[in-house]
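I have placed the structure first, in the form of structure tokens, so that the comments after it can refer back to it.
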Amino acid sequence: MIRLGSVKLLRRHDVALLAALLLASLVLSAFPSEWRQGLGDGVVRICFAPLELPAFQLRSLRSSWRENESLRDQLAAARLTAIRLTEARLENDRLRSLLSLRERGAWTVVTAQVSGREPALLTPDLRIDRGSDDGLRPGMIVFAPDGVVGAVTAVQGGSATVRTVFDPQSRVSAIDLRSRVLGVFRTAGGTHCILDRVPLRSDVRVGDTIVSSGYGQLFPFGLPLGTVSGVTTRKSSLTCLIDVSPALDINRLTHLFVITGGDHGRPASLEPAAVPGVPPVPPRRRRAEPPAALRISVPATRVELPETLQMLPERGE
Amino acid sequence: MRRGILAIFAAWLSVFLQSALGGAITVAGMAPDLLCILVMLAALRIGPLAAMRIGFLGGFLADCYHPATMGLCAACYTVAGFAGGAVRDRLYPEKLAGQVAAAAALALAVVPVIASLRSGGGYLSILLRHGIGSAVYTAAAAVLLLPLYNRLLFPRPSGRER
């Protein structure tokens, strides 16, 4: 017994055991690293490994619970989205059935070539090489890949006269394809066209595409008319003046299409679209038929509409 | 005999919990030293011989997770058991407060030594960064575990035995 005054500090066998255990620890630390590694791995494998997996699973319970909560939230959100999408699909189906929307671009058209131009200063009427022999009748709509050309006004056996949209008497009910603002497309002199009767503060912007609205029951919906090139508002007026750059270059027009049937329905009258406040215009005088020698006879063929026109929804009727 | 087996089991359980639950119970790099609690309890209630044996066994098991420093924990916990047994007469071995304070003091002494020798870092910085916090954490764990260890290792004798 080692004493410090009256306090017992150490006993000999305690010191002996301490020395022995410290020596054992020293021996352990003096082992080669491979031995230490093997000893450690073996003891861990025997003493702890059997319970490591349950312990790991116990530890992962918390993260699994959090992940489960997160997945439940995502599932609830996905269910809500699915419900909304289903409702939207059903609503879409209902609206489609209400609007009687049908397959688009199912018109029957006859191709024609421009065979002559009636003399006029700025906007000549066109003569085409198709007539009543090809099924054309007055009032049928004529268009080109670039946009609306006009309507047939008179037919003969193998030719017809087309009044273009650049004629001062022509009016086309038009719509802004982006903002659905309605107006009346007409010429303001030559190929300078405007969208008339557009209320002030309407959402019409430069660059908007103007197409026929189908409301006039003459031109079907969706035929391109032009692009907005300027918007002018005047304080003294209740409407704004929309300048439209026409989509059609009539001077370079050679081939065009005449809608003779299909979903477009019966051909409407050639009279300009009924616009409130605009007096009816008397029909123009028929011009003489051109010599037969100048006519070019091309057999009528059914053609597929250009893709751009097929994409446009049909409305009206 | 029974107490010896239970003490070995307690040592194994302490090391296992410390390794298995290490990530879950570590807060800011500080974890309670469960083996310190057991070694100090053995030193106070039984004596330095039992404490050194438990310390060596538990330290060896802990060393098996770090074979590169094999023998370090065994030596440290052996010395800790011896030191606890040397001062047991100056404490109140059966008082919970004394056991908790002794366990915290032991953790404060042992944890920085082991950590600095394992990592090669400075003892003082490790003591300040982790040692004090681990000692406090060990004291908190001791408050929970010591009643369990006391009941397991030192059951009160029945009236007839008294």
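All figures in this text were calculated on a predicted structure; none of them were measured in a lab. In the text below, chain A, chain B and the rest are named by the order of the sequence lines, each starting its count at 1.
Surrounding CG of A:Leu238 are at most 12 heavy atoms belonging to other residues, nucleotides or ligands under 6.0 Å away. Counting heavy atoms of neighbouring residues, nucleotides and ligands inside a 6.0 Å radius, atom CZ of A:Arg178 exceeds 12 of them.
In this structure, chain A has no heavy atom under 4.5 Å from any part of B:Leu72. Contacts of B:Phe56 with chain A are made by side-chain atoms alone, with heavy-atom separations under 4.5 Å and no backbone atom involved. Of the atoms belonging to B:Val79, heavy atoms from both backbone and side chain fall under 4.5 Å from chain A.
Heavy-atom minimum distance, B:Gly71 versus A:Leu28: CA-CB, 4.1 Å. The two residues A:Leu17 and B:Leu49 make their nearest non-hydrogen contact at CD2-CD2, 3.3 Å. In this structure, B:Pro67 and A:Gly40 approach most closely via the heavy-atom pair CG-CA, 4.4 Å. Shown here for B:Trp12 and A:Cys47, the closest heavy-atom pair between the two residues is NE1-O, 2.9 Å. Between B:Arg53 and A:Leu21, the shortest heavy-atom distance links the atoms N-CD1, 4.2 Å.
Ranked by heavy-atom pairs under 4.5 Å with chain B, the list A:Ala30, A:Ala24, A:Ser33, A:Ser29 is led by A:Ser29. Per-residue heavy-atom pair counts under 4.5 Å with chain A were compared for B:Gly81, B:Cys73, B:Pro48, and the maximum is reached by B:Pro48. Put simply, of B:Asp63, B:Thr69, B:Leu61, the one with the most heavy-atom pairs under 4.5 Å next to chain A is B:Leu61.
The structure places CD of A:Gln37 at 10.5 Å from SG of B:Cys64, a figure rounded to the nearest 0.5 Å.
The shortest distance between side-chain heavy atoms of A:Leu39 and B:Phe60 falls below 4.5 Å.
A donor-acceptor pair under 3.5 Å links the side-chain atoms of A:Arg36 to the main chain of B:Ala68, judged by distance alone.
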